[in-house]
S.K.: 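Shown below is the structure under consideration.
Here is how names work: the chains are called A, B, and so on, in the same order as the sequence lines, proteins then strands, and each is numbered from 1.
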There are 2 protein chains.
Amino acid sequence: MSGKKRATIVDVAEAAGVSMKTVSRVFNNEPHVRKALKDKVLRAAKALNYQPNVVAQGLVGRRSYLIGLVYENPSPNYVVELQHGALDRLHGERYRLVVLPVESVANVAGKMLGLLRSAALDGVVLTPPASDHRQILDELSESGFPFVRVAPTRYPDIGPSTMTDDVAAACDMTRYLIELGHRDIGLIKGDPTHSATEARLFGFSKALAEAGIAPRLDLIEQGMFTYESGIEAARRLLDRSDRPTAIFAQNDDMAGGAIMAAHELDLDVPRDVSIVGFDDSQIAKVTWPRITTVHQPVYEMARSATDMLVAMLENKPYENKLEHPYELVVRQSAAAPGSSG
Amino acid sequence: MSGKKRATIVDVAEAAGVSMKTVSRVFNNEPHVRKALKDKVLRAAKALNYQPNVVAQGLVGRRSYLIGLVYENPSPNYVVELQHGALDRLHGERYRLVVLPVESVANVAGKMLGLLRSAALDGVVLTPPASDHRQILDELSESGFPFVRVAPTRYPDIGPSTMTDDVAAACDMTRYLIELGHRDIGLIKGDPTHSATEARLFGFSKALAEAGIAPRLDLIEQGMFTYESGIEAARRLLDRSDRPTAIFAQNDDMAGGAIMAAHELDLDVPRDVSIVGFDDSQIAKVTWPRITTVHQPVYEMARSATDMLVAMLENKPYENKLEHPYELVVRQSAAAPGSSG
DNA sequence: CTGAAAGCGCTTACAG
DNA sequence: CTGAAAGCGCTTACAG
């Protein structure tokens, strides 16, 4: 299958007239190799088209140079952002990224460690909701399996993590709606197994409380972070006589669904109803109108989580907690009640 | 770092009172192991929480059980579909999936083999435009590196591949527009380095020729398969007095951009202009109106390509070419000229 | 049906 | 500054 056989460290050593240990030293950038020898080795390696065998390096070093990225997420944009953050950090390193989407985090809890071990991963980046799943965190901690958590909202003491302040972000967004003049604000919650759902609910309530607005529980609907669930939840909110003048969907996919529901009910956004989201994912730029949202630093969180993990694996120092700033992104989907922006 | 040390095959052999070769036989499902011994081994393995070390297996077998997925694609939906197709096929196997997005296929040509080798991959699934890049294909073929091509449009004799008929699909879509009554149809082409761009252009011309419609080259605009490029190309087409009554964008991201451009010019879709796309990606379901498009079997192509690759690696028989059907998906973005559907 | 030996391609200790 | 030996955890031949 594989044409000519690949050259090994022994081939290079023979061609260069040195021991294989010297070749090893050169390829690992160890100090104390005379320049003359080093050049000979490099020349021989080049002639033989030598590349170290990572698998052999892995066996002796008891590691695979494989990092896993665990996610359970229906949003392609979010997933791709996570992957790019992790991959960009790994660029130029020996480590490779193995993707581990799971159907349901709850279903793999208890099997996570076995899964990671059988895949021979050196460490793993956990994203929501896995990064907040107590059983998984305990399982990994107890066995000493290296992991970093992205965007956790609870158990702050378990393991290193990167995050953004979801509570503050949701609070800011709600304040923005209140400042525009909204009082009856609907909320579409996300998947209840993601703890961001709670965090964003807290931020929402906090802003209402600050403004002295009594919360209206009848304007809170459950969604699942998917587009379809956004459509359905929004229909329930909009298809009533005392409908809210604004809707805060806990992510952009659901906000997009809400906009679709409004269109279908012949309501103008933002004149008849303002709709805002959370995440700043691609969909927020492609709906009509474009969605006012919160930019979540997904790429940055994934990137710095990967950075921490690599540091852990190499026994280098690293920050244990890193918070990345969010940002309110004002587009065209929200305006003062009755105004078209 | 890693808590208790993992049990090895020797530990299990000792605990079970057999040789390590017997343990190996049990875990590889080799025949000819007496049931009594097998049970003893399994019990010992369970007690020790033993899992075979893939890295060691890899070293002796001269393989890594790692499969790569190469893509250069700006569309998250497309990428995630590809990944899921590949992952679903790999589920339950020893193989893991390593993602290899590249900034530009042209830039890695010549370095592809080195990249795959240094990552110690057993084989690779190549997607557009890498699957059509002559230099990359030659490089891999010559060295005997196992690969399968997804959606190639040229060099049909190089290596196994899975595909769909882009020419026929684009032709069908164009016929659909013609049947609706359109004669002046604009075309937004995709990235010129992707050969699907050509294939879809051929299908477009073919349908026009069949219908006896003279092609209007001034209605052909260049895009890059991105949302932004769709906006810009559509603006050029729509911002003229003799604007087309329909626009065929070569993918959904650009079609979505075209719809945005129409909105911004205060044109109603489909009454003032029909807009259709290609791919059936998420964006086609979330714009207003939803986009009439062609469903491309991305998941299926990736899945069966991965299936072929695994068969190659295990020296099992496999189909060399597999064509998956496409499907016209009629939504609300196209109608007879001047009609709103 | 079962096992003892050799070796996959490297790095880790240890010597000099 | 350089190298010879041992070993990482398995499987591939080969014996019996």
S.K.: Do you see a donor-acceptor pair shorter than 3.5 Å between the side chains of Y71(A) and Q83(A)?
M.R.: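 Checked: Y71(A)/Q83(A) side chains pair up, N/O donor to acceptor below 3.5 Å.
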S.K.: Which whole-number value in Å describes the distance from H32(A) NE2 to dT2(D) P?
M.R.: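 Distance check: H32(A) NE2 to dT2(D) P gives 11 Å.
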S.K.: Between I9(A) (CD1) and dT2(D) (P), how many Å, whole number?
M.R.: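 Computing the I9(A):CD1 to dT2(D):P distance gives 15 Å.
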S.K.: In dot-bracket form, how is DNA chain D paired, counting a Watson-Crick or G-U wobble pair only if both its distances are under 3.5 Å and using | for bases paired to another strand?
M.R.: |||.||||||||.|||
S.K.: Using the benzene-type ring in the case of Trp, are the ring centres of F27(A) and Y50(A) under 6.0 Å apart?
M.R.: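 Distance test on ring centres: under 6.0 Å, yes.
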S.K.: What nucleic acid atoms does V55(A) come within less than 4.0 Å of, heavy atoms only: base, sugar-phosphate, or nothing?
M.R.: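 Nothing, no heavy atom under 4.0 Å.
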S.K.: Would you indicate which nucleotide in dC10(C), dC10(D), dC1(D) comes nearest to any side-chain atom of Q57(B)?
M.R.: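 Closest nucleotide to the Q57(B) side chain: dC10(D).
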S.K.: Would you please indicate yes or no on a ring centroid separation below 6.0 angstrom for H194(B) and F225(B)?
M.R.: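 Yes - the distance between ring centres of F225(B) and H194(B) falls below the 6.0 Å cut-off.
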S.K.: Could you check which of dG9(C), dC8(D), dT11(D) has an atom nearest any side-chain atom of V60(B)?
M.R.: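 Among dG9(C), dC8(D), dT11(D), the one nearest the side chain of V60(B) is dT11(D).
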S.K.: Salt bridge or not between E139(B) and R134(B)? Use side-chain N to carboxylate O under 4.0 Å.
M.R.: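 Looking at E139(B) and R134(B), the cut-off is not met.
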S.K.: So does R303(B) pair up with D307(B), basic N to acidic O under 4.0 Å?
M.R.: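 So R303(B) does not pair with D307(B) through a salt bridge.
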S.K.: Would you say D132(B) and T153(B) are linked by a side-chain donor-acceptor pair, where the criterion is simply a distance under 3.5 Å?
M.R.: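 There is such a pair (donor and acceptor under 3.5 Å, judged by atom type) between the side chains of T153(B) and D132(B).
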S.K.: Which parts of residues 12-30 of chain A get close to DNA chain C, meaning a heavy atom less than 4.0 angstrom away?
M.R.: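 Of all residues in residues 12-30 of chain A, the ones placing a heavy atom under 4.0 Å from DNA chain C are M20(A), K21(A), S24(A), N28(A).
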S.K.: Without decimals, in angstroms, what is the distance between L37(B) CG and dG3(C) P?
M.R.: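 L37(B) atom CG is separated from dG3(C) atom P by 7 Å.
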S.K.: Atom CG of D39(B) to atom P of dC1(C): distance rounded to whole Å?
M.R.: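 D39(B) atom CG is separated from dC1(C) atom P by 15 Å.
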